[in-house]
Amino acid sequence: MAGDGFTTCLWFDGRAEEAAQHYVSIFKNSRLGRIARYTGVEPGGPAGSVMTVEFEANGQKFVGLNGGPQFTFSEAISFQVHCADQDEVDYYWSRLSEGGEEGPCGWVKDRFGVSWQVGPAEFIDMVSGPDPEKTKRATEAMMAMGKLDIAALRTAYEGG
């Protein structure tokens, strides 16, 4: 993998392979990659168990590391899923929250504790647009939602 950008490493407590399979099943343009196993020389896991698993989710490179219980995920790091339409918002919201936790403002914590922001790509345009009143209305509407509703966001943005 030398010379081809960077890879996000996610630290799991024994569930890296399960997580990689889960994410690959959700996102298009995804695949599992190489798996490295503990040899018994390094700390972290018994010989033969999965140490790391490489995977791509929607073309983004990741490696899942079974590092143990010392570190856990928090909302300080999250992944944004930019959706083309409400069907995509509904799909990703449902799949990522399965066994996890639905949050406010389009946030979801999946079954592994990883945080995701699931929302329409056009919302970024709404909140970064030139009209502060439209931006405020769209933001206020978003703040009152769990799963984001594109039609309601558009209505709020336009002042309806």
Side-chain angles (χ1 to χ4, degrees), residues 1-13 15-35 52-67 71-160:
M1 295 188 91
D4 57 330
F6 63 89
T7 302
T8 301
C9 181
L10 301 173
W11 180 294
F12 295 92
D13 184 11
R15 298 178 70 191
E17 187 173 19
E18 177 188 350
Q21 291 172 348
H22 180 65
Y23 299 139
V24 166
S25 77
I26 292 173
F27 294 97
K28 297 175 192 171
N29 190 23
S30 299
R31 67 177 185 81
L32 291 173
R34 298 178 294 186
I35 295 177
T52 61
V53 57
E54 294 175 352
F55 65 100
E56 287 185 23
N58 201 27
Q60 300 292 314
K61 294 179 205 170
F62 294 90
V63 63
L65 167 68
N66 281 328
F71 303 111
T72 58
F73 297 108
S74 81
E75 292 82 358
I77 299 286
S78 63
F79 296 98
Q80 294 180 334
V81 182
H82 304 285
C83 302
D85 55 33
Q86 191 65 47
D87 286 343
E88 279 193 6
V89 170
D90 295 347
Y91 169 78
Y92 288 115
W93 181 269
S94 170
R95 292 296 312 275
L96 290 168
S97 65
E98 198 173 85
E101 179 182 325
E102 297 178 356
C105 308
W107 285 67
V108 168
K109 190 177 290 186
D110 71 24
R111 67 178 78 168
F112 305 101
V114 176
S115 292
W116 301 84
Q117 298 177 55
V118 179
E122 72 184 84
F123 181 69
I124 303 303
D125 293 333
M126 290 179 195
V127 297
S128 59
D131 186 328
E133 286 304 313
K134 287 183 171 186
T135 296
K136 181 179 178 188
R137 288 192 304 263
T139 302
E140 287 173 341
M142 180 269 306
M143 296 294 291
M145 295 178 185
K147 177 176 67 173
L148 299 188
D149 178 326
I150 295 175
L153 290 169
R154 285 181 188 145
T155 299
Y157 182 76
E158 294 303 331

remark   = So NZ of Lys61 and SG of Cys9: to nearest 0.5 Å the spacing works out to 14.5 Å
message = Please determine whether a side-chain nitrogen of the Lys or Arg among Arg15 and Glu18 lies less than 4.0 Å from a carboxylate oxygen of the Asp or Glu.
response = yes
message = Taking Lys109 first and then Glu75, would you say they form a salt bridge - that is, a charged N and a carboxylate O separated by under 4.0 Å?
response = yes
request  = Test side-chain contact (heavy atoms from CB on, under 4.5 Å) on Arg154 and Met126 and set out the steps.
outcome  = CA-CA 8 Å; Arg154 285 181 188 145; Met126 290 179 195; 3.7 Å; yes
query = Any chance the side chains of Ser97 and Arg111 put a donor and an acceptor closer than 3.5 Å?
reply = no
request  = Could you tell me whether the side chain of Val81 reaches within less than 4.5 Å of the side chain of Cys83, counting heavy atoms only?
outcome  = yes
query = Can you check whether Ile150's main-chain N or O pairs, donor with acceptor, with Gln86's side chain at less than 3.5 Å?
reply = yes
task = Please examine the side chains of Lys147 and Trp93, heavy atoms only from C-beta on, and report whether any two atoms are closer than 4.5 Å.
result = yes
key: For Leu10 against Phe55, the heavy-atom pair lying closest together   = CD1-CZ, 4.4 Å
task = For the residue pair Gln117 and Phe79, establish whether any side-chain heavy-atom pair is separated by less than 4.5 Å.
result = no
message = Donor-acceptor pair, distance only, cut-off 3.5 Å: does the side chain of Arg137 make one with the backbone of Ala156?
response = yes
query = So which heavy atom on Ala152 is nearest to which on Asp149, and how close?
reply = N-OD1, 3.0 Å
key: Sidechain N-carboxylate O distance under 4.0 Å for Arg34, Glu54   = yes
remark   = Here the pair of heavy atoms bringing Asn58 nearest to Phe27 is N-CB, 3.7 Å
ask   = Quick one: does Pro120's side chain get under 4.5 Å of Val89's, heavy atoms only?
value = yes
query = Charged N to carboxylate O under 4.0 angstrom, Glu158 versus Lys134?
reply = yes
message = Angle between ring planes, Tyr23 versus Phe12, binned at 30° and 60°: parallel, tilted or perpendicular?
response = tilted
request  = Measure across Tyr92 and Val118 and return the closest heavy-atom pair with its distance rounded to 0.1 Å.
outcome  = CB-CG1, 3.9 Å
remark   = The reported gap from CD1 in Ile26 to CG in Leu96 (rounded to nearest 0.5 angstrom) is 4.5 Å
task = Carefully, step by step, assess Met143 and Cys105 under the rule side-chain contact (heavy atoms from CB on, under 4.5 Å).
result = CA-CA 5 Å; Met143 296 294 291; Cys105 308; 3.8 Å; yes
query = Got Trp116 and Ser78 here, is their nearest side-chain heavy-atom distance under 4.5 Å?
reply = no
query = Is it true that a side-chain atom of Ser30 and a backbone atom of Lys28 form a donor plus acceptor pair closer than 3.5 Å?
reply = yes
message = To the closest 0.5 Å, what do you measure between CD (Glu101) and OG (Ser115)?
response = 8.5 Å
query = Can you tell me how far the NE2 atom of His22 sits from the CD atom of Glu98, to the nearest 0.5 Å?
reply = 6.0 Å
ask   = Any sub-3.5 Å donor-acceptor pair from Thr139's side-chain atoms to Val127's backbone N or O?
value = no
query = What are the two closest heavy atoms between Phe73 and Phe112, and how far apart are they?
reply = CD1-O, 3.4 Å
message = To the closest 0.5 Å, what do you measure between CG (Leu153) and CG (Leu148)?
response = 5.5 Å
remark   = Rounding to 0.5 Å, atoms CD1 (Ile124) and CD (Gln80) come to a distance of 5.5 Å
query = Between Ala20 and Leu32, what is the shortest heavy-atom contact and its length?
reply = CB-CD2, 3.7 Å
